[in-house]
There are 2 protein chains.
Amino acid sequence: MPDYYTPGETARRFGVSLDTLRYYEREGLLTRVERGAGGHRRYRASDVELLDLVRCLRDTDMPIARLREFAELVREGDATVPRRVEVLERHEERLAERIAELVDRQAAIRHKIAYYRGVLAAAEDAEGAAGGADGAAGGRAPVGAGAEGRGARGSEG
Amino acid sequence: MPDYYTPGETARRFGVSLDTLRYYEREGLLTRVERGAGGHRRYRASDVELLDLVRCLRDTDMPIARLREFAELVREGDATVPRRVEVLERHEERLAERIAELVDRQAAIRHKIAYYRGVLAAAEDAEGAAGGADGAAGGRAPVGAGAEGRGARGSEG
DNA sequence: ATGCGACCTGGAGTGCACTCCAGGTCAAGC
DNA sequence: GCTTGACCTGGAGTGCACTCCAGGTCGCAT
């Protein structure tokens with residue numbers, strides 16, 4: 001357990017590229033990373049920790065801009081902890097919504113698959129009884145989420 | 001219940017822009033949309049249905065390229081139903097994985113929030129007993145997903 | 001017939017998050 | 001001391017999914 005990690009180690013650990021690591025630093029997502037004599041980066045425990053959080057938030061689609069704001073708060077010290085909590089809570093809420101949406105869509109997709117399976121089974125039956133290669137048409141069965149009336153962006157004109 | 005919808009109606013219905021609708025068509029995500037005498041598009045039930053599926057798949061992050069392939073299969077007729085099922089099943093699997101990942105990360109974020117809350121509470125207690133504005137340091141507590149060893153993309157050389 | 005909003009086309013532009021590159025420098029083993 | 005692989009910099013390039021634009025045309029109500 002060394003007291004710092006090389007860029008390569010760190011990149012491998014998080015499954016990101018060196019370029020991404022440098023990019024994050026440039027964008028201010030990491031608090032000032034230390035350098036050795038030759039200018040090579042040294043990632044310490046605190047960097048690794050913050051990076052861990054950053055990756056967690058990125059993996060859940062927090063945009064870079066918001067991550068920068070968050071890192072800014074971290075840089076400002078302990079006084080910003082309440083604000084960090086707010087940021088995380090808002091993100092968690094959005095994430096919960098996103099998960100719910102995905103679960104809904106997943107159900108719709110499964111429904112569609114089941115429908116297609118039905119078409120297939122019917123076609124097979126027909127083949128056994130009659131002889132044609134035709135079944136139902138291209139694709140009936142609603143998939144969900146269709147007409148909701150909300151969120152009418154895009155009007156043009 | 002008219003037998004076709006105008007572009008504006010369709011866009012509103014799905015919460016997308018006219019540009020997006022045209023883009024989808026250009027990219028081959030929709031099977032040839034009919035036109036009226038003046039060249040204006042007419043979206044019929046079958047278009048709306050396919051669009052519904054397309055949106056469902058897009059909303060769950062299926063890339064345009066795969067959607068194009070799917071639409072291609074639809075264009076090829078009923079014989080491709082088994083292959084469509086395969087595509088949908090693979091997508092559903094990926095989606096399930098993605099949802100699981102998001103749920104994990106969500107737990108990590110909640111954990112982090114709880115940790116921060118603990119820091120806050122401790123600081124308040126300390127304030128009541130002593131008087132300082134300092135608590136614990138910047139941000140301890142793991143967030144999860146850190147070192148996994150797999151997926152070492154990015155090597156450079 | 002005229003006004004006006006919805007629609008048309010081809011093509012260029014945008015925003016995001018990386019990713020790649022050239023042309024070096026550094027560090028560790030032999 | 002030399003090689004070799006890891007690392008450095010600034011800046012340009014990429015891929016994706018739209019989004020915007022100019023300069024028209026359509027179609028319906030008045």
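Chain naming here is simple, since letters A, B, ... match the order of the sequence lines and numbering starts at 1 in each. Quick caveat, the model's predicted, so the values are computed rather than measured. Below, all heavy atoms of this structure are taken into account, side chains as well, without hydrogens, waters or symmetry copies.
The nearest whole Å value for the distance from the CZ atom in R22(A) to the P atom in dA6(D) is 13 Å. As rounded to whole Å, 15 Å separates atom P of dC18(C) from atom CD of E25(A). The nearest whole Å value for the distance from the CZ atom in R68(B) to the P atom in dG15(D) is 14 Å. Between the P atom of dC20(D) and the CG atom of L21(B) lies a distance of 15 Å, rounded to the nearest Å. In this structure, E27(A) places its CD atom 9 Å from P of dA17(C), rounding to the nearest Å. Atom pair L18(B):CG and dC26(D):P shows a separation of 18 Å (rounding to whole Å applied). Remark: P of dC7(C) and OH of Y5(B) are 15 Å apart, rounded to the nearest angstrom. Distance, R35(A) CZ to dC8(D) P: 6 Å, rounded to whole Å.
Not counting sequence neighbours, R90(A) has no partner by the salt bridge (charged side-chain N to carboxylate O under 4.0 Å, His left out) test.
With DNA chain D read from its 5' end, the first of the two nearest nucleotides for G36(B) and R26(A) is the one closest to R26(A).
Listed by residue number, the members of residues 37-45 of chain A with any heavy atom below 4.0 angstrom from DNA chain D are G39(A), H40(A), R41(A).
Regarding contacts with the backbone of dT19(C), a side-chain N or O of T20(A) is found under 4.0 angstrom from either OP1 or OP2. In terms of phosphate contacts, S17(A) brings no side-chain nitrogen or oxygen within less than 4.0 Å of OP1 or OP2 of dC18(C). Look at T6(B) and you'll find a side-chain N or O under 4.0 angstrom from OP1 or OP2 of dC7(C).
Of all nucleotides listed (dT9(C), dA17(C), dC18(D)), dC18(D) comes nearest to the side chain of Y23(B). Listed nucleotides dT19(D), dC7(D), dA17(D) differ in distance to P63(B); the shortest reach to its side chain belongs to dA17(D). Comparing dC18(D), dA17(C), dC7(D) by their nearest atom to the side chain of I64(A) picks out dA17(C).
Below the 3.5 angstrom threshold, one finds a donor paired with an acceptor across the side chain of D19(B) and the base of dC20(D).
Between the side chains of R55(A) and Y24(A), at least one donor N or O lies within less than 3.5 Å of an accepting N or O. Side chain to side chain, H91(A) and T60(A) meet the donor-acceptor criterion of an N or O pair below 3.5 Å.
Classification of R105(B) and E101(B) as a salt-bridged pair holds, one side-chain N sitting under 4.0 Å from a carboxylate O. Using a 4.0 Å cut-off between a side-chain N of Lys or Arg and a carboxylate O of Asp or Glu, R42(A) and E34(A) do not qualify as a salt bridge. Using a 4.0 Å cut-off between a side-chain N of Lys or Arg and a carboxylate O of Asp or Glu, D47(B) and R13(B) do not qualify as a salt bridge.
Side-chain contact between R35(A) and H40(A): absent, with no pair of heavy atoms (C-beta onward) separated by less than 4.5 Å.
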